[in-house]
Amino acid sequence: MKTPLPLVLLLVSLLLVGGCAGGTPPDAAPGPDDGPQGSAGERWRPEPGLDWQWQLSGALDPTVDVPVYDIDGFDHPGSAVADLHRRGRKVICYLSTGAWEDFRPDAAKFPKSLLGKGNGWEGERWLDIRRTEVLGPLMAERIDMCKKKGFDAVEPDNMDGYRNPTGFPLTAADQLRYNRLVARLAHERGLSVGLKNDLPQIPELVGDFDFAVNEQCAQYEECAELTPFIEAGKAVFHVEYELPTREFCPEARRLKLSAMLKEYDLGVWRRAC
């Protein structure tokens, strides 16, 4: 029996609707839950106990047998990051986000009104982190650079200006706001991000950061303050400069810190716990 034409058209329409109901058409735009790059599920999440190398000076030595490298984001091309990836390493992009450095290629983009007192390192001055409308785009450009070069994560340095004589009346609230801004900029680009020092604000910031980087917590008897990161399953990359390993490694191992001894210039030399 021949089916009337109107009925045929109705059946075809129903079949097309039913076919689309079970899935997204191939050319449909991704929705907010489709897992775009940078979602929490895709970021690298370093766990406690990972060994690491932190090298910010000298010719890069890619042969240290550790799973994590932390290197300067400006000083190294994407090819160096790719080489470390081929060797099985995750690579962290070191940036100064709380201080201006006169030797960086983007130094002239920072208005003089943002520059405060020196932070103790030659050519560096604290930034007025309250000026997020200016610093936000500048830091976004820097993190874009890390992303373009293929880094897995960002180590933003000088994240505790409120505890130092910066030349600006910075408050703890100012620091929280700025640190969360930096973390958000990294996450929006699919990069993990570490909280550098700033121990007093760890309880409030541990949820915003994927790992921590600490200097000299053993020397100042502060390492236990990093426990919230370990309890959250997040690595704490830790260095000492002045204590011999026998004085800090046993406690670092007990606290599950990724600890090592380095020289202040952060060259190739290291002595891991």
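Because only heavy atoms are used, hydrogens play no part in the values below, and waters and symmetry mates are left out as well, while side chains stay in.
The 12-atom threshold is not exceeded at CD of Glu122, counting heavy atoms of other residues, nucleotides or ligands nearer than 6.0 Å.
Looking at Lys262, its side chain does come within 3.5 Å of a backbone N or O of Trp54 through a donor-acceptor pair. With hydrogens and angles disregarded, a donor-acceptor distance shorter than 3.5 Å links the side chain of Lys149 to the backbone of Gly73. Within the 3.5 Å criterion, the main-chain N or O of Val64 finds a donor-acceptor partner in the side chain of Arg89. Under a 3.5 Å cut-off, the side chain of Gln53 and the backbone N or O of Gln55 do not form any donor-acceptor pair. Side chain of Asp72 to backbone of Asp75: a donor-acceptor contact under 3.5 angstrom is found. Checking side-chain atoms of Asn158 against main-chain N and O of Thr97 turns up no donor-acceptor pair under 3.5 Å. Under the 3.5 Å distance criterion, the side-chain polar atoms of Asp160 are left unmatched by any main-chain donor or acceptor of Arg163. Judged purely by atom type and a 3.5 angstrom limit, Asn197 has no side-chain atom pairing as donor or acceptor with the backbone of Met159.
Residues Cys146 and Leu191 are in side-chain contact: their nearest non-hydrogen atoms beyond the backbone lie under 4.5 Å apart. Contact check for Phe151 versus Ile92: no side-chain heavy atoms found under the 4.5 Å cut-off. No side-chain heavy atom of Arg142 sits less than 4.5 Å from a side-chain heavy atom of Lys147.
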**Message:** What verdict does the salt bridge (Lys or Arg N to Asp or Glu O under 4.0 Å) test give for Arg45 and Glu47, after you've listed the backbone C-alpha separation in whole Å, the side-chain angles of each residue and the deciding distance to 0.1 Å?
**Reply:** CA-CA 6 Å; Arg45 295 187 173 276; Glu47 298 180 351; over 6 Å; no
**Prompt:** Please walk me through it: do Lys90 and Asp70 pass salt bridge (Lys or Arg N to Asp or Glu O under 4.0 Å)?
**Reply:** CA-CA 9 Å; Lys90 292 291 187 179; Asp70 188 339; over 6 Å; no
**Request:** Please report the C-alpha distance between Asp198 and Tyr162 in whole Å, then the side-chain angles of each, then the deciding distance to 0.1 Å, and finally whether the side-chain hydrogen bond (donor to acceptor under 3.5 Å, both in side chains) criterion is met.
**Result:** CA-CA 9 Å; Asp198 194 16; Tyr162 76 109; 2.9 Å; yes
**Request:** Dump the intermediate steps for side-chain hydrogen bond (donor to acceptor under 3.5 Å, both in side chains) on Glu242 and Tyr264, then the final yes or no.
**Result:** CA-CA 9 Å; Glu242 299 181 10; Tyr264 276 109; 2.4 Å; yes
**Request:** Could you walk me through whether Asp106 and Arg104 pass salt bridge (Lys or Arg N to Asp or Glu O under 4.0 Å), step by step?
**Result:** CA-CA 5 Å; Asp106 62 352; Arg104 296 303 189 185; over 6 Å; no
**Message:** As a quick check of understanding, evaluate side-chain hydrogen bond (donor to acceptor under 3.5 Å, both in side chains) for Thr63 and Asp61, giving each step before the final call.
**Reply:** CA-CA 6 Å; Thr63 65; Asp61 178 0; 2.5 Å; yes
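A donor-acceptor contact closer than 3.5 angstrom is absent between the side chains of Trp121 and Glu101. Residues Asp208 and His187 have side chains that never bring a donor and an acceptor to within less than 3.5 angstrom of each other. For the residue pair Gln201/Gln175, the side-chain donor-acceptor check at 3.5 Å is not satisfied.
In this structure, Phe211 and Phe237 have perpendicular ring planes: the angle between them is above 60°, well past the 30° mark.
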